[in-house]
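Okay, so here's the structure we're looking at.
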Amino acid sequence: MNAIGKRALSLAVGMGIGLMASSSAWSQSTLEEVMKERGLTQKDILAAAKTYTPTGGRDEYIAVSSGGQSGQLIIYGIPSMRLLKYVGVFTPEPWQGYGFDDESKAVLAQGRINGKDITFGDTHHPAFSETKGDYDGRYVFINDKANPRVAVVDLHDFETKQIVVNPLFKSEHGGAFVTPNTEYIMEATQYAAPYGDDFVPLEEFNDKYRGGLTYWSFNNKKGRIEPENSFTLELGPYSQDLSDAGKGPSYGWGFTNSFCTERYVGGIEKGRPPYEAGCSQKDTDFLHVTNWKKAEELVKAGKVKKLKGMYLIPMEQAIAEGLLYLIPEPKSPHGVDVTPDGTKIIVAGKLDTHVSVFSFDKIMKAIKGKKFEGTDPYGVPILDMKATLHTQVQLGLGPLHTQMDSKPCVAYTSLYVDSMVAKWDYCEGKVLDKISIHYNIGHLMTMEGDTVSPDGKYLVALNKLAIDRFNPVGPLHPQNHQLIDISGDKMQLLYDMPLPLGEPHYVAAIKADKLKPAIRYKSGWNSRTDSRHKWRSRAGREKTERTCDAAGKCTVHVKGTLIRSHITPETIEVFEGDTVSIHLTNLERAQDETHGFAMYGQNVNLSVEPGKTVSATFVADKQGVYPYYCTEFCSALHLEMQGYLLVKPKGYKAEATTMKEGEAYTQADYDKQVKTNLETQAVIDSVVGYITSHNFKDFPPVVALVEDATDQLGFAGEAKKKSEDFAAKKDWQNATLWAGQWWQYQVKTADMGLRAKTYLEEHGAKKVK
Ligand code: K7E
Ligand code: CUA
């Protein structure tokens, strides 16, 4: 057998038949020996057993974490705590081509502020879409605190589809929180500012600066936010902080806390005490209680005016219509969380050792009975705090956020200053357990912990500081997500995971089987608009078109394709000054057969997943030679997946020369290649025999592989015919090269066939007649 034939067979062996496990010193050592050597305790081993996920194993929950200042989302599995993906949201992300292809650039451009590109985000709170108060696995929303924006990520492909900019706010924090059927996404301001874009002196803070709460309207059918149907409630210039939507009995209402209701404006440079002093004087701040259901009715009845394209309900109108109430809450609060049954609202005061549990029922009674202790400076009624409280519980220092257990009345609250998690009972008002974390916990999260039916099981502590937990990597430390087992009476720390991408404020976890992500796109798909791409192409339909307008400005559109292991076209010729638009469709259907596309010197970098079509547009402003290639190691001949953009000087005329190849081939070379091809065909035939003798149609991934393999074999047939035609004309050069291409297609067929065969073997396929 010749060398090429051997390669084909070793490929076959490597992919079809598992290698024998080699024994090593490590695998011979006993558990006791390993424990001794690594200094592990029984407890460590138990924790390891609860998190370790053997090869091929899957996680029970998928966590979607804020990526903090990276402006991205971080996806990981629980309990393994294995990182799965970063999703580019507000920030370009090269691996996914996000912010490099025209389609995703258009999404990022939606997030421009006053015409300026904002290429970072300070992401805080991811929120899953909900149906009847439960996660439905369709979308996730994330806010940007620095630039008041909310993004929509589709969980069908984990891609960002939309970014909306709040036209009235200059910052925000109380988002993203969804109403129980994802009717709205809540977004509240943080730092008060004028709604307009003009300068307003700080001396006019009380009169002209405003907070606010936007209810972004979400179209569940289209999967997009509709700014034109969204509305904002004008709020006083308090620093609105977090929000949560009511559910069950409190459905239709929203809750937003605040700090700095002192309306203090600092100014160290003018000798004024700093914000932190002025913003923490009063014993209480305000919980805002808003009626979005009634506000929606007003909007729909045409009773609300628009400002800068957004329905804005002024405080006066909100007060008159009973849409807005305030309740004093312990000073400088941070979290506000509605219990799963919707009857209670839990608020924690950072500077108070208590958490306050408000009763929705009592709030409604106080509103109906007009039990007001007064109004704020803007006339908003303030409910009597005592009349609305269910209970207050002393938990510890610096309580921040609360999450719920599957057990009734059981909640977990983070204690920032104490560096602990407190488990407590919000019905009875008593502490049940505490555990130390490392260090300075911000948010915490239980499995589906903010739905109507939390799962309990695990809790993740999102710790601000890692200090000594990990190998040091310089002054900037990762954050530490600690996994805690909450299935028993006592909490148990299981695992530390460093998160090296910004400060993730919050994370939410969904049951993995609620997600049904795609493994490929429909052929020729624009993933950002979810429609067929205008510039999609199919095999054999690739073309390059150059058109010039009257002014002599020329545009070159390249409709190309990608399939193992070639890019069509392999040469793109343009003239200096042309605008070049390269549109590439990945023709693969097989799982995980992504191709990349990178080009020298043009900032072109694409990720083209199976079925997807993406575009890169740039001006070829300098004559020269620009190699391009595939950036994903997609096949044995991946390195050969390449081509050239040739930018010719203006007026360049080609001289009549011919391409000179490095090698000249003879009939002997042709015969040798054909012999290899026939041997490879025997391998393919045996694999096809195996697949078709089994119930492969019962396995959709195998069906997709077989479809792709059939395609490749079809291409092999075409190449075979070409090589035979040239051989008949005794053109051994072209005959040999086409025979080589015929073999390339065979190898890809064999590759997919063997993957299909392996899949069938591993998934217990049955023999059929
Ligand atoms: Cu950092 Cu929810 Cu923005 Cu608390 S937030 S920690
Ligand atoms: Cu396609 Cu490498």
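For clarity, every value in this text was computed on a predicted model and none was experimentally measured. Read the numbers this way: they start at 1 and go in the same order the structure lists the ligands and their atoms.
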Inset, instruction - Return the number of protein N, O or S atoms with a distance to atom 2 (Cu) of ligand 2 smaller than 2.8 Å. - result: 4
Can you give the donor-acceptor pairs under 3.5 Å from side chains of residues 253-262 to other protein atoms, not counting sequence neighbours?
residue : atom : partner : partner atom : Å
T256    : OG1  : S243    : OG           : 3.1
N257    : OD1  : L242    : N            : 2.9
N257    : ND2  : H334    : O            : 2.7
N257    : ND2  : G335    : O            : 3.2
S258    : OG   : F286    : N            : 3.4
S258    : OG   : F286    : O            : 2.7
T261    : OG1  : K282    : NZ           : 3.0
T261    : OG1  : D285    : OD1          : 2.6
E262    : OE2  : Q281    : N            : 3.0
E262    : OE2  : K282    : N            : 2.9

State yes or no: are the ring centers of [X] and [Y] separated by less than 6.0 Å?
X    : Y    : result
H443 : H125 : yes
H481 : Y76  : yes
W216 : Y184 : no
F597 : Y628 : yes

Legend entry - Protein N/O/S count near atom 4 (Cu) of ligand 1 (criterion: distance under 2.8 Å): 2
Inset, instruction - Before giving the answer on side chain to side chain donor-acceptor pair (under 3.5 Å), spell out for T182 and E130 the whole-Å C-alpha distance, their side-chain angles and the decisive distance to 0.1 Å. - result: CA-CA 5 Å; T182 325; E130 295 181 7; over 6 Å; no
Inset, instruction - Find all atoms of ligand 1 within a distance of less than 4.0 Å from any non-hydrogen atom belonging to H173, and give their numbers and elements. - result: 2 (Cu), 3 (Cu), 5 (S)
Legend entry - Ligand-side contact atoms (ligand 1) for residue partner H125, heavy atom cut-off under 4.0 Å: 2 (Cu), 3 (Cu), 5 (S)
Legend entry - Heavy-atom closest contact (L415 atom, A422 atom, distance): CD1-CB, 4.0 Å
Inset, instruction - State, to 0.1 Å, how close C634 and M641 come at their nearest heavy-atom pair, and which atoms those are. - result: SG-SD, 3.6 Å
Legend entry - Any donor-acceptor N/O pair, K331 side chain to S280 backbone, under 3.5 Å: yes
Legend entry - Partner residues of Y458 under the ring pair (Phe, Tyr, Trp, His ring centres under 6.0 Å) criterion, sequence neighbours left out: none
Legend entry - Test side-chain contact (heavy atoms from CB on, under 4.5 Å) applied to T446 and D405, I486, T402, the passing residue: I486
Inset, instruction - Would you please determine whether K464 falls within less than 4.0 Å of ligand 1 on a heavy-atom basis? - result: yes
